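Have a look at the structure below before the remarks.
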Amino acid sequence: MAAGRAFLRAAPSSLAAGAGRFAFACPTALPLTAAAAAATGPHRRGRGRCYCSASDAPPPPPYVLTTPLYYVNAPPHMGSAYTTIAADAIARFQRLLDKRVVFITGTDEHGEKIATSAEACGRNPKDHCDTISNSYKMLWADLDIEYDKFIRTTDRKHEAVVNDFYSRVLDSGDIYRADYEGLYCVSCEEYKDEKELGENKCCPVHLKPCVPRKEDNYFFALSKYQHQLEDLLTKNPNFVRPSHRLNEVQGWVKSGLRDFSISRASVEWGIPVPNDTKQTIYVWFDALLGYISALLDDGEKASLQQAVERGWPASLHLIGKDILRFHAVYWPAMLMSAGISVPDAVFGHGFLTKDGMKMGKSLGNTLEPKDLVNRFGVDAVRYFFLREVEFGNDGDYSEERFINIVNAHLANTIGNLLNRTLGLLKKNCKSTLAFDSIAAADGISLKDNVENLVDKAKDQFENLLLSSACETLMEIGNLGNLYIDEQAPWSCFKQGGESAEKAAKDLVIILETMRIIAIALSPITPSLSLRIYTQLGFTEDQFRTLRWEDTKWGGLKAGQVMMEPKPVFARIETETDEKDQSSSKATKGGKKKARSQGLVEA
């Protein structure tokens, strides 16, 4: 348990050291049969896939990916948006691999902090939760997040699963009652060890003083699972990623696990304890189960058994490092107690910082994602944070860096390359391809280089190296720009004959490169990728059915007609740019400033 004194009233004999079940292949685990694909709603446009087989074999288990269930004490900020953007990119990549993805997100709506926030806004807790939860859904739409399931811990189906789970753990002999006294952080909803607190007994995360509390609570026998958790972390080192997070978790476990309180006597806004309605279930013991209850379809009979059969265990929990202990220590022990398999992996990413400090609602220094989208566009926001923050580490936001990166990579490397190539094709080939892309690239090293980089990017996506994958795909764009500059097709067209024929092939080669970039980059910038793909003469429906295997060279065919060239990404103009333009216009006889996305003259 957390710091403080616990006075045992009635602890079961089964709490003896070493008692318990096998850690991560529990023989009493619930069946892990897979269910039909998750329902598709307006939050995600379906790809029309069928997972049936002629042999009537059961479909493969789904790839279940989760974000944290976000706390609704205040509207979402860039920190929560970052996690969800990353999860969406991973989900989109897995769909490109033709996986049956169940992408779960949602909101955590119980606890003292929620009730306090609602009161401060002059609302009752339920109305407050409805308002904030809806703001998350609206932001996810703004950020091109295509989730499959959105769970709220106030949903009735969730409460039913929590009650089943509590009863199962109680039957295992892992819940007992005791008095507790310690220092409590309301923002964390957690008792704290005094040794981890800062000056004036401040929480190291929220920088607010912890308050002394004494309560009569129910406890979960976490210490009973010391050895099982040690075995899990030793035998499955990929359970916690990246590796430095694993080292941190192993340190916590080896230092000795203490039982923790799973109920609150002083909190009314929560799920009542099944065997004692005077107490409510601790918010974390409640919220973690949202990953399971989310698997249920709306309207079906809600039970823990039914939910697990819908696709548990999760393939990946994606979380911020500040809630790693709950997900990598408490959660697997709770699942072991209930006889349910643990998730495949937990990935703890770093913090987004602003002015060198973690951004958070409790700290009051948030960066508003909707403002960024309104100013710069969704593709710019998604790309910058996934490209500039090495996934797993902390990253700092700088507007100057944001603009420079987005203009250089999306407006220039990709946008300008596509625009100038389509402009040349329109002027010299009536926007029609004269050759198949395979024939055009015969004997051309660029084709091999692109294919090698695509394989490299795939490996990086699979290993959650999102920043590296962005770098690799920009390298393909750089090769395309280098190729067109070296071949100078605008000059070859003027020469006519074989030179013009070669120039026509070069344009096909560049456009095929752009087609491949559009597919491979679509997990990061789906809207930009769609604009690129439709400019290449394809439909949105064709884009929606793409797979990673479509990155193979050879998608463009002779006779294919390209669309009218239009800039696919507008360069972000700064105040300095505007002043320079005004100065240039005022200077008579001066040279015109080069446009970042104009058509190249032949």
Side-chain angles (χ1 to χ4, degrees), residues 2 23-24 63-71 79-80 82-84 86-87 90 102-108 110-111 149 151 153 158 161-162 165 169 185 187-191 205 220 222 225-226 228-233 236-255 257-262 281-295 308 312-338 340-351 358 360 391-392 464:
F24 38 90
Y63 184 92
V64 178
L65 168 68
T66 74
T67 71
L69 303 190
Y70 299 108
Y71 218 38
S80 49
Y82 170 68
T83 310
T84 314
I90 295 167
V102 181
F103 172 18
I104 295 170
T105 188
T107 45
D108 176 3
H110 289 136
K149 299 281 190 175
I151 186 67
T153 59
H158 175 74
V161 168
V162 171
F165 187 88
V169 175
C185 174
S187 295
C188 289
E189 300 269 14
E190 181 186 23
Y191 283 100
V205 176
F220 172 69
L222 179 64
Y225 294 91
Q226 175 87 33
Q228 289 97 319
L229 287 171
E230 288 177 350
D231 286 346
L232 170 64
L233 298 172
N236 184 10
N238 287 325
F239 177 68
V240 178
R241 300 170 64 185
S243 59
H244 58 277
R245 302 269 183 253
L246 173 64
N247 296 335
E248 187 177 2
V249 173
Q250 287 177 320
W252 292 334
V253 174
K254 289 179 180 178
S255 67
L257 297 179
R258 292 174 292 184
D259 302 348
F260 68 94
S261 170
I262 60 169
I281 293 177
Y282 173 47
V283 63
W284 276 104
F285 200 85
D286 161 5
L288 288 164
L289 285 159
Y291 301 138
I292 295 179
S293 63
L295 293 168
V308 169
W312 193 260
S315 306
L316 177 65
H317 288 322
L318 191 60
I319 61 168
K321 64 181 181 180
D322 55 332
I323 54 175
L324 183 62
R325 189 191 302 263
F326 296 106
H327 287 78
V329 180
Y330 293 9
W331 180 224
M334 289 163 54
L335 291 167
M336 292 173 191
S337 175
I340 300 173
S341 295
V342 302
D344 293 344
V346 176
F347 190 101
H349 66 72
F351 290 149
K358 174 183 176 287
F391 203 47
L464 307 184

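Quick caveat, the model's predicted, so the values are computed rather than measured.
In this structure, CG in L316 is found 11.5 Å from CD1 in I104, a value given to the nearest 0.5 Å. One finds the CG atom of L289 at 5.0 Å from the CE atom of M334 (value rounded to the nearest 0.5 Å). A distance of 9.0 Å separates CG in L246 from CG in N236, rounded to the nearest 0.5 Å. Taking CG from L65 and NZ from K149, the interatomic distance works out to 14.5 Å, rounded to the nearest 0.5 Å. Note that the CG atom of D231 and the CD atom of Q226 stand 10.5 Å from one another [nearest 0.5 Å].
A 4.5 Å side-chain heavy-atom check between R258 and L222 finds every atom pair outside the cut-off. P313 has its side chain within reach of D344: a pair of non-hydrogen atoms, C-beta onward, lies under 4.5 Å apart. At a threshold of 4.5 Å between non-hydrogen side-chain atoms, the residues T105 and T83 do not count as touching. A heavy-atom distance below 4.5 Å is not found between the side chains of L288 and L335. For the pair S337 and Y225, the minimum side-chain heavy-atom distance is below 4.5 Å.
The only member of W284, Y330, F165, F260 that meets ring pair (Phe, Tyr, Trp, His ring centres under 6.0 Å) when paired with F220 is F260.
Q250 places no side-chain N or O within 3.5 Å of a backbone atom of E230 that could act as its donor or acceptor partner. A donor-acceptor pair under 3.5 Å links the side-chain atoms of S315 to the main chain of V64, judged by distance alone. In this structure a side-chain-to-backbone donor-acceptor pair under 3.5 Å is present from H158 to D286. Looking only at distances, no side-chain donor or acceptor of R245 sits under 3.5 Å from a matching main-chain atom of V346.
Considering all non-hydrogen atoms of both residues, G106 and T67 come closest at N-OG1, 4.4 Å.
Below 30°, between 30° and 60°, or above 60°: for H317 and W331 the angle between ring planes is between 30° and 60°, a tilted geometry. Between F391 and F347, the two ring planes are parallel [angle under 30°; tilted spans 30° to 60°].
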